[in-house]
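The structure under discussion appears below in the form of structure tokens.
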Amino acid sequence: MRYDFAAIEAKWQQRWAASGVFRAANPGEAGFDPDKPKFYVLDMFPYPSGVGLHVGHPLGYIATDIVARYKRMLGFSVLHPMGYDAFGLAAEQFAVEHGVHPRQTTEKNIANMTRQLKRLGLSYDWDRALATTDVGYYKWTQWIFLRLHGAWFDPARNKARPIAELEQLLESERLYIMPDGELIEPPAQGLEGIGGTPFGAIRWQELTVHQRRAVIDSRRLAYMDEVAVNWCPALGTVLANEEVTNDGRSERGNYPVHRRPLKQWMLRITKYCDRLERDLDLVDWPEPIKLMQRNWIGRSEGARVDFPLAYGTAKDAQEAITVFTTRPDTLFGATYMVLAPEHPLVDAVTSDPQRAAVRAYQKQAAARSDADRQAEGKTKTGVFTGGHAVNPVNNERIPIWIADYVMMGYGTGAIMAVPAHDSRDFAFAKTFGLPIRDVVYTPALTAIAAFAARADLAATDEKTLCEQMVDFVGLCINQQVSDFDAAYQAILRRREKDTFGGPLGSNRGAIASIWQDTVKALHESVGIARLLAAARKGEVISLLDDAETEHGVNVNSANEEVSLNGLPTAQAKHVIVEWLEKRGLGRKQIQYKLRDWIFSRQRYWGEPFPILHGPDGEVRAVDEADLPVELPAMEDFKPEASDDPSAPPRPPLARAPESWRYVEIDGVRYERELNTMPQWAGSCWYYLRFCDPNNDERFVGREAERYWMVSPKKDGQPHAGGVDLYVGGAEHAVLHLLYSRFWHKVLYDLGEVSTPEPFGRLFNQGYIQAYYYEDARGVRVPAEEVADASGTPAAELQDQIAPLFHHGQPVKRLYGKMGKSLKNAVTPDEICDQYGCDTMRLYEMYLGPLDQSKLWNTRDIIGVHRFLQRVWRNFVNEETGALLVTDEPPGDEIRRLLHRTIKRVTDSMNAMAFNTAIAALIELNNALVSAERLPREVAQAMVRMLSPLAPHIAEELWEKLGRAGEEALMTAGWPGYDEVMLLDAEVVYPVQINGKVRGRITVPSDADEDAVLAAAQQDEQIARNLEGKQVRKVIVVKGKLLNIVVG
RNA sequence: GCCGGUGUGGCGGAAUUGGCAGACGCGACGGAUUCAAAAUCCGUUUCUCGCAAGAGAGUGUGGGUUCGAGUCCCUCCACCGGCACCA
């Protein structure tokens, strides 16, 4: 009876489905066991693509399945669900191209992918399967949107609260609104303004209904605003910043994108910057992913500083321009200011003679798309406004420019320019001849200054001077010299006997680059003159021909009240900010890069907003009772590709039947919101729905959510609860994972969920890569049609390959992520047909570490397939079908091997290092080949260890073993090992002489150091090597090795 | 440019805290079985020199720390990923 994987796999997949063994019971349901610990292991759910899965997709799914099965064996109650992220641009594009309604194509694709996934024997609880396009699902997506719409962010508590509470606070005057929109609490006793309100505050009672509504609406977490959006004419929709690539194109489809102002739904994610950043400390995620999120959030600490406008500049403007800077310590070096072209104060500061030039520049900047800007690189452009401001620390009058290297979207849209210590300001100052003033001496600059003060500039030739300086600076930086006199003398002494070879000490950091630049300067005979001219005048100039952005020590930084001179950068920042605060000129400020999330799309295939627009501009939330707002059935759902700047885009839903578009409430006719939500909406919360997918009352039942999401705290570990293991690709590092965290935190603030974070542990699997082939024209050809000259398919060739051909044409072999576009996809179906899914699972796991990208090589699959066949033959007599198992206990050696293997496999499973788990099982199995009959004890342990990895063959063998007493394999338990069995009576020591292995000795494992050494000295080969040499030192690493140091 | 990751035989990869580099698999080579082939089984397989015993070299480069470095520190290089005028 041979190993018939097809029959075995079909049999067990049917049995599992029929018995529902993988169904996870919620609290209160039949079969729920409150004593079991829970484990929630989740895959990033896929988008149901028309071409189905290739072997790259299931990599993560197989891994989570192994974890799920392993955890079940350890006695956990495991939640392991699967679903589909089915809304979005890709599905709609596919439908448009094929002329079929997206719901049809989506359903068809889901059916196909579900079939493919089931074939892999993945132990999902299919009863919980969902798609974001299910009406019963997106009803709750809309419901969550209403929560966002119905909430505001209270900065005092740093959390979201229901909007009704804001209304109450305003109405009862426990909170006031200032004209700039700031919310303030009532002033302390004695400081009230007229009528008990703060000076300048807007009185709620005096506002009209419209004004009140505007105040409230502008503070919601979901709000409408006219913003410069990323408009993609080809896709006919707005895109999020995260959906636009660096070169100004759409991530989906690679179409051009440009900015245009449009009124859009926005989500106020920026209010959560602080918590999104800080709470990364609570989760167990890969550090690189955390870092990417941190960079995206972009927290900077700095200061806000007001620069008053100089007399004769402003006509009717406010008196000051506010800037944000991370380097307030360089304030004395600010020699000009720059406003973004769109800055509201530009008009006010512009002088009449400059007005035409400023207008022209503004117009030009507005017209330039991001792609154009990119093409121009970092060349600085700008125009002088004619206006001046006053540097508050030294009362200097400095010019105000506008330039597009300052952006309105970050900070205040205005900067103070410190060309000496910021490379962009430096480039701008160079271009326009603006003054540059050093106010921070970095270690390199300090050393150069010290050199210039000591060297005999008049009497030494230029080349020698340069060489001396490089030596001197190198010495000072490398050895952190503070006694410059001694250092200078050392250099002179060295020069006497040494020829010039390079900077003293090892080449490190700053000195290496100075060294390179100087050598270059020497070489080209440029720069030296400049350098020496400056040195002779007692000035210091940077050798690097760029701003010195490193931290250092302040110089030239003092006024009558405050001096930063001599202070290191961190201290200087602190002192100057304190001074500014005291004088009311500035304050400490934390700034983030993250912008609010543009949340509407002008597309059909998305969740409709539960929002109505009234005739007077009222924005009204749909009553909860009226959810869901179903997507209307439409024949023509194509987007309108348009780029008419005067006409707002018409989303497809504008063509929906009037019966859908208009709703009458209390005699008022409302029009529905015609935009739809972006694809991210559905994936923001699906992990919650999986806890309780059929709940009609709530988006997730409270008890189910608590049970699956809250995990017990481990001592000393940062802890946020949430999904216990979330596995997916790193491509979602900032998009999905940031958006989900944001929604989750809002739901947490509003008391709808129990944990501050959605995903307690994240694991990024690598990609599966594969060779792909291009012909002479650079056109990719299908990988399976490529062969060598003799016609052998490329997949079967060795790695050192002969020239390859596609239908006679020579092709080039390249390497990339597997997929449709590279024409190198291999489907799991073809592998399952040929080898079975157990082999497929083992192969993908055996390929290498899960978190690394690795090369798919069909030829190698045979290795793990042979392993399974050998396992089968170790258990079953292929002739008779008889079980080759004995009840005799195993021999001592086999038993020790078994226990060592159990330890290795257990450790590997815990570390998710499935490749090494499989290697250990192969070794054990190979050691058993020679045995006539397998001891039952070994056979049982082996099957248990194999079962998470190759569950079908394991189940079959388990059944043949008689189920070890009626136990289902899933609950059979994971084998344990005995520490004592890991130790051998004797141990082999490699003996090193001066670190080289010269022989090995066998000693009892409890031998002490002297005994080990004595044994080594008796060894013939070792003795020969020691002959005539003196033993200086002996190192014995217990149980590991012996090293004899001789002289 | 900045940030992050990776670099080990012909190939994929292994190597708790620094302790025998190359586990395991693929491929290749040799052998057994077979009329033959497939399949299977046994053996060899980092490189160089050597009939051999053995010797030497070796984890991208160069240096350092250490009795001892794939592992720690510094430097440079290559490839992959992210960000990119963020003040």
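We name chains A, B, ... by the order of the sequence lines, and we start the count at 1 in each one.
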Inset, instruction - For nucleotides 65-70 of chain B, just jot down a letter per nucleotide in 5' to 3' order: B, S or -, based on protein non-hydrogen atoms under 4.0 Å. - result: --B---

Inset, instruction - Could you pull out all residues at least two apart from A:H865 that satisfy ring-ring contact (aromatic ring centres under 6.0 Å, His included)? - result: A:F5, A:Y835

Inset, instruction - Count the heavy atoms belonging to other residues, nucleotides or ligands that lie under 6.0 Å from CZ of A:R294, then report whether that count exceeds 12. - result: yes

Inset, instruction - Could I get the full list of salt bridge (charged side-chain N to carboxylate O under 4.0 Å, His left out) partners for A:R904, not counting sequence neighbours? - result: A:E923

Inset, instruction - Apply salt bridge (charged side-chain N to carboxylate O under 4.0 Å, His left out) to A:D274 and list each qualifying residue two or more places apart in sequence or on a separate chain. - result: A:R278

Inset, instruction - Could you pull out all residues at least two apart from A:R304 that satisfy salt bridge (charged side-chain N to carboxylate O under 4.0 Å, His left out)? - result: none

Inset, instruction - Answer yes or no: does a side-chain N or O of A:N926 lie under 4.0 Å from OP1 or OP2 of B:rG25? - result: yes

Hey, what are the protein-to-nucleotides 12-15 of chain B N/O distances that come in under 3.5 Å?
from	atom 1	to	atom 2	distance (Å)
B:rG12	O2'	A:L847	O	2.8
B:rA14	OP1	A:N915	ND2	3.1

Legend entry - For A:T1002, side-chain contact (heavy atoms from CB on, under 4.5 Å) partners two or more places apart: A:E986, A:V988

Inset, instruction - List in chain and number order the residues that pass side-chain contact (heavy atoms from CB on, under 4.5 Å) with A:L822, two or more places apart in sequence or in another chain; answer none if no residue qualifies. - result: A:Y772, A:R780, A:N824

I'd like a list of close polar pairs between nucleotides 54-56 of chain B and the protein, N/O only, cut-off under 3.5 Å.
from	atom 1	to	atom 2	distance (Å)
B:rA55	OP1	A:R998	NH1	3.3
B:rG56	OP2	A:R998	NH1	3.2

Legend entry - Partners passing salt bridge (charged side-chain N to carboxylate O under 4.0 Å, His left out) against A:R1032 (at least two apart in sequence or in another chain): none

Legend entry - Per-nucleotide pairing state of RNA chain B [Watson-Crick or G-U, under 3.5 Å; [ ] pseudoknot-crossing; | other strand]: (((((((..(((......[....)))((((((.......))))))((((....))))..(.(((..]....))).))))))))....

Legend entry - Pairs where residues 843-853 of chain A contributes a residue and the test side-chain hydrogen bond (donor to acceptor under 3.5 Å, both in side chains) is met, not counting sequence neighbours: none

Inset, instruction - Would you please confirm or rule out a distance under 4.0 Å between OP1 or OP2 of B:rC83 and any side-chain N or O of A:R294? - result: no

